[in-house]
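Keep in mind that what you see is a predicted model, and the values were worked out from it rather than measured.
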Protein chains: 2
Amino acid sequence: MAIQANPWLRKTPELKIEMNLDENLDSEPESSLVDPNTHMESFRQTRHNRRTELIEDYVELIADLIEDGGEARQVDIAQRLGVAQPTVAKMLKRLATDGYIQQRRYRGVFLTDIGMQLAERSRERHHIVESFLCAIGISVETARIDAEGIEHHVSPETLEAFKRFVARGGSSL
Amino acid sequence: MAIQANPWLRKTPELKIEMNLDENLDSEPESSLVDPNTHMESFRQTRHNRRTELIEDYVELIADLIEDGGEARQVDIAQRLGVAQPTVAKMLKRLATDGYIQQRRYRGVFLTDIGMQLAERSRERHHIVESFLCAIGISVETARIDAEGIEHHVSPETLEAFKRFVARGGSSL
DNA sequence: CTGGAAGAATAGCTGTGGCTATACAAGCGA
DNA sequence: TCGCTTGTATAGCCACAGCTATTCTTCCAG
Ligand SMILES: [Mn+2]
Ligand SMILES: [Mn+2]
Ligand SMILES: [Mn+2]
Ligand SMILES: [Mn+2]
């Protein structure tokens, strides 16, 4: 239930990663290749992000639909995601047991406080990423598509950098 | 077998997306929210990218290990990915039937031509993404982690922009 | 040359995210 | 009110990515 222990979503991104201390201490030239543990941490974080992607996209989409038309129905969610309705039904059940949403049958789905918080964070992050891509000269169509995937893998640090970049008017300034 | 029909990996990124033609033709203010079909396309592309992530990471890692130490053993792959050895064994079987690698038992795994090509593309893309993040001021640790996830969702257009940005010396120029 | 360590494979489990087909419930128009 | 359309829920399937525990195989050291 709920997204657990992810430094990416914490306010305090400590990110204690043991650095590659014995780098270049060997006599062998050995090519690049970072320390195994460091390497592992990257993959672990990426796998974690992947597990939360869907949840984030769902609550964000639900928030959008509610704001746009006052309600979020399974059929509309399914249409926008490009998946079948039962797929949405199953996922919504998961989101409900995880406490993100509340389902009122035949009356659409609504976000809980937790759900709204996650939606808001996701929405803002999504927007920053998309704006950033546009700011570096990507076309709006491509920016929209790329942002949909990239957003879930952007750490707070990177998000801040994106935000600053956009605020300063992009590369042209 | 092999990665099929993905505009992201084609040399000609046509990307025919029907635009939201009836945007703002209604009388209702209706908030933002892009056209449903356009929205769907983003999610579809993202789902496609997700299915190829693992394959890309594996062949890239295998290439790195071979270059670094002359061989890629299951245990080493498992260690660097942070997963169990049987997980790697199963995935390697898939990669073999898909024609990316060739397994010589107790002698490590080797890339086919197809595998090497994919590894090379992935490696270059990964490097560009990571360099780009560093160029906009992200710390090397965070850049490494974020790039591991972001790389798989970067379209050719965005990759080109990243490359140009890095080549021009980042935001300081 | 042989026994044990290390590498690889297999079996069997879980959870997730898709799908189709089908059944059930609401609600609205005639 | 009745029935049809639409929206939801369920059942049952598949593929994938992870896990532990166990069983081969190799290979090398003594
Ligand atoms: Mn999003
Ligand atoms: Mn997304
Ligand atoms: Mn990579
Ligand atoms: Mn990666």
Side-chain angles (χ1 to χ4, degrees), chain A residues 1-4 36 40 43-59 61-62 65 69-98 100-110 148-149 152, chain B residues 1-4 36 40 43-59 61-62 65 69-98 100-110 148-149 152:
Chain A
M1 38 209 61
I3 296 173
Q4 77 277 57
M40 189 186 71
F43 286 120
R44 278 202 199 287
Q45 179 64 48
T46 298
R47 279 199 299 276
H48 180 276
N49 291 342
R50 264 209 305 258
R51 283 199 304 274
T52 64
E53 279 182 65
L54 249 203
I55 295 176
E56 293 168 354
D57 281 338
Y58 264 85
V59 296
L61 178 55
I62 290 166
L65 286 171
E71 58 176 19
R73 316 295 289 244
Q74 288 190 11
V75 281
D76 301 320
I77 297 171
Q79 187 195 14
R80 291 195 112 84
L81 289 177
V83 299
Q85 168 265 323
T87 300
V88 173
K90 206 202 293 184
M91 185 62 190
L92 289 183
K93 209 177 288 178
R94 232 185 94 198
L95 292 178
T97 65
D98 286 0
Y100 292 112
I101 65 168
Q102 201 180 337
Q103 289 188 83
R104 264 174 271 175
R105 45 180 69 182
Y106 295 91
R107 199 155 299 275
V109 52
F110 300 89
E148 194 58 73
H152 312 282
Chain B
M1 34 210 67
I3 296 174
Q4 78 277 59
M40 190 186 72
F43 285 120
R44 279 201 199 288
Q45 179 64 49
T46 299
R47 279 199 299 276
H48 180 276
N49 290 342
R50 262 208 307 258
R51 283 200 303 275
T52 63
E53 279 182 64
L54 250 202
I55 295 175
E56 293 168 354
D57 281 338
Y58 264 84
V59 296
L61 177 56
I62 290 167
L65 286 171
E71 59 177 16
R73 317 294 288 243
Q74 288 190 11
V75 280
D76 301 319
I77 297 171
Q79 187 195 14
R80 291 195 112 85
L81 290 177
V83 298
Q85 168 265 322
T87 300
V88 174
K90 206 201 294 185
M91 185 62 190
L92 289 184
K93 208 177 290 178
R94 230 185 96 200
L95 292 179
T97 64
D98 286 2
Y100 293 111
I101 64 167
Q102 202 179 337
Q103 290 189 82
R104 264 175 270 174
R105 41 180 73 182
Y106 296 90
R107 201 155 296 276
V109 52
F110 299 89
E148 194 57 74
H152 312 282

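- Residue-level contact check: A/Lys93 touches the backbone only, with heavy atoms under 4.0 Å from sugar-phosphate atoms and none from bases.
- With the nearest nucleotide of DNA chain C identified for both B/Arg73 and B/Lys90, B/Arg73 has the one nearer the 5' end.
- Rounded to whole Å, atom C1' of C/dG15 lies 15 Å from atom CZ of A/Arg50.
- Summarising the geometry of A/Tyr58 relative to A/Thr87, their closest heavy-atom pair is OH-O, 4.1 Å, with the distance given to 0.1 Å.
- At C/dA9, one or more side-chain N or O atoms of B/Gln74 fall inside 4.0 Å of OP1 or OP2 (strictly under the cut-off).
- The nearest whole Å value for the distance from the CG atom in B/Leu92 to the P atom in C/dA8 is 9 Å.
- Atom CD1 of A/Ile55 and atom C1' of C/dG15 are 12 Å apart (whole Å).
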* Spell out protein contact along nucleotides 20-30 of chain D as letters: B when the base is contacted, S when just the sugar-phosphate is, - when no protein heavy atom is under 4.0 Å; keep the 5' to 3' order. => BB--BBSS---

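- Within 4.0 Å of B/Arg104, counting heavy atoms only, lies no atom of the nucleic acid at all.
- A 6.0 Å sphere centred on CD of B/Gln102 holds no more than 12 heavy atoms belonging to other residues, nucleotides or ligands.
- A 4.5 Å side-chain heavy-atom check between B/Ile77 and B/Val109 finds at least one atom pair inside the cut-off.
- Between B/Gln102 atom CD and C/dA8 atom C1' there is a gap of 17 Å when expressed in whole angstrom units.
- Counting to the nearest Å, the C1' atom of C/dG27 and the CD atom of A/Glu71 are 13 Å from each other.
- With rounding to whole Å, B/Phe110 atom CZ is found 11 Å from C/dA8 atom P.
- Distance, A/Gln103 CD to D/dG7 P: 16 Å, rounded to whole Å.
- Partners of A/Arg44 according to the side-chain contact (heavy atoms from CB on, under 4.5 Å) rule, which considers only residues two or more places apart in sequence or in another chain, are A/Met40, A/Glu41, A/Arg47.
- One can place CZ of B/Arg51 at 9 Å from C1' of C/dG18, the figure rounded to the nearest angstrom.
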